[in-house]
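Inspection log for the structure reproduced underneath, given as structure tokens.
Below, read A as the first sequence line, B as the second, and so on, with proteins coming before strands; counting in each chain starts at 1. As the structure is a prediction and not an experimental result, all values here were calculated from the model.
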2 protein chains.
Amino acid sequence: MPDTERRATKQRRAVEQVLRETDDFISAQALHARLREQGDTVGLATVYRTLNAMAEDERVDMLRVDDGEARYRLCASDDHHHHLVCRECGRTVEIEGPAVESWADTVAAQHGFRDVSHTLEVFGTCAKH
Amino acid sequence: MPDTERRATKQRRAVEQVLRETDDFISAQALHARLREQGDTVGLATVYRTLNAMAEDERVDMLRVDDGEARYRLCASDDHHHHLVCRECGRTVEIEGPAVESWADTVAAQHGFRDVSHTLEVFGTCAKH
DNA sequence: CTCTCTGCAAAACATTTGCAGTCGG
DNA sequence: CCGACTGCAAATGTTTTGCAGAGAG
């Protein structure tokens, strides 16, 4: 239902502000916790409703991780990047793979798939471990 | 805990048999339903436990779809591969990206990461949808 | 026999929804 | 004002877990 009117409220502004300050994908639960930390009292349900609305309007990207939590991030209109994560300490480095992007699109198209998207995460043990 | 002993039971054989007959990824719930259909009475919890054990032993691939259900499938081949998954019907095509493999290793090494592994899934809408 | 496995029901999660009251435009 | 928005609590849906009994080796 993209045609519904959408009002600008205090809690929506709060959610968007946290998203703006967060580079990586963040879960609804974590976002809600961060809001409480900084004093904003926004209901968890409202966080979910806001995130869903934004996803519907394509203002955030949503992806699922293996632990079952959905994670959200403001649509970076600029570049799409991936992450290199240390499996020991969680340290994260943003990486780019231009070749991967086009490769994924090409292969998908060859198999007749449209609206292609992909998830790519690289794991390793960083120098400190 | 990959070192735990693993016994061969009737219900595990039943789960594996369904997996063997299924080409695409299937959810635990759907697998459980299929078992009941064909007369096997296996508890839902057992299906989950079996699937988790197999995933831990790397005998099945597990992936999450946007609706929040995890889907499982027997590892088809021994070499490392990726998947192109239809987000509408779950139809899956195995794809290979030799360039991606080496790219991931290289980038990770540049950042001082060792023991590199990665996950890559491509999603799209297949020709039938 | 000895442990692992199973079933069932309850618990633990993430996420959604019903409703009465609130508030933006 | 009016209808969209919010908070809370209750409802959902998936997956996990505790525990007593069953069964593989």
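For A/Tyr72 and C/dT15, the OH to C1' distance is 8 Å, given to the nearest whole Å. The CG atom of B/Asp67 sits 14 Å away from the C1' atom of D/dT15 (whole-angstrom rounding). Distance B/Glu69 CD to D/dG13 C1': 9 Å, rounded to the nearest Å. Between the OH atom of A/Tyr48 and the P atom of D/dT6 there is a distance of 16 Å, given to the nearest Å. Summarising the geometry, the separation between CZ on A/Arg12 and C1' on C/dT22 is reported as 14 Å, rounded to the nearest angstrom. Per the geometry, CZ belonging to B/Arg7 stands 7 Å off C1' belonging to C/dC5, to the nearest Å. Between B/Lys10 atom NZ and D/dA22 atom C1' the separation is 10 Å, expressed in whole Å. B/Gln11 places its CD atom 12 Å from the C1' atom of C/dT4, with the value rounded to the nearest Å.
Both B/Ile26 and B/Met62 belong to a common hydrophobic cluster when Ile, Leu, Val, Met, Phe, Trp and Tyr are linked at side-chain heavy-atom distances under 4.5 angstrom.
A salt bridge links B/Glu94 to B/Arg73: one of the charged nitrogens lies within less than 4.0 Å of a carboxylate oxygen. A salt bridge does not link B/Arg64 to B/Glu69: none of the charged nitrogens lies less than 4.0 Å from a carboxylate oxygen. Remark: B/Lys10 does not engage B/Asp40 in a salt bridge, criterion side-chain N to carboxylate O under 4.0 Å. Under 4.0 Å is where a charged nitrogen must lie from a carboxylate oxygen, and between B/Asp24 and B/Arg71 no such pair does.
Distances were taken from every side-chain heavy atom of B/Arg49 (C-beta onward) to each of C/dC5, C/dG18, C/dG7; the shortest belongs to C/dG7. Here D/dT16 is the nucleotide among D/dT16, D/dG23, D/dA4 with the atom lying nearest to any side-chain atom of B/Asn52.
Across residues 17-46 of chain B, B/Gln29, B/Leu44, B/Ala45 each have a non-hydrogen atom less than 4.0 Å from an atom of DNA chain D (numbered order).
In the model, A/Glu37 has no side-chain atom that pairs as donor or acceptor with a side-chain atom of A/His32 under 3.5 Å.
Between B/His118 and B/His82, the two ring planes are tilted [angle within 30° to 60°].
With the nearest nucleotide of DNA chain D identified for both B/Ala8 and B/Ala70, B/Ala70 has the one nearer the 5' end.
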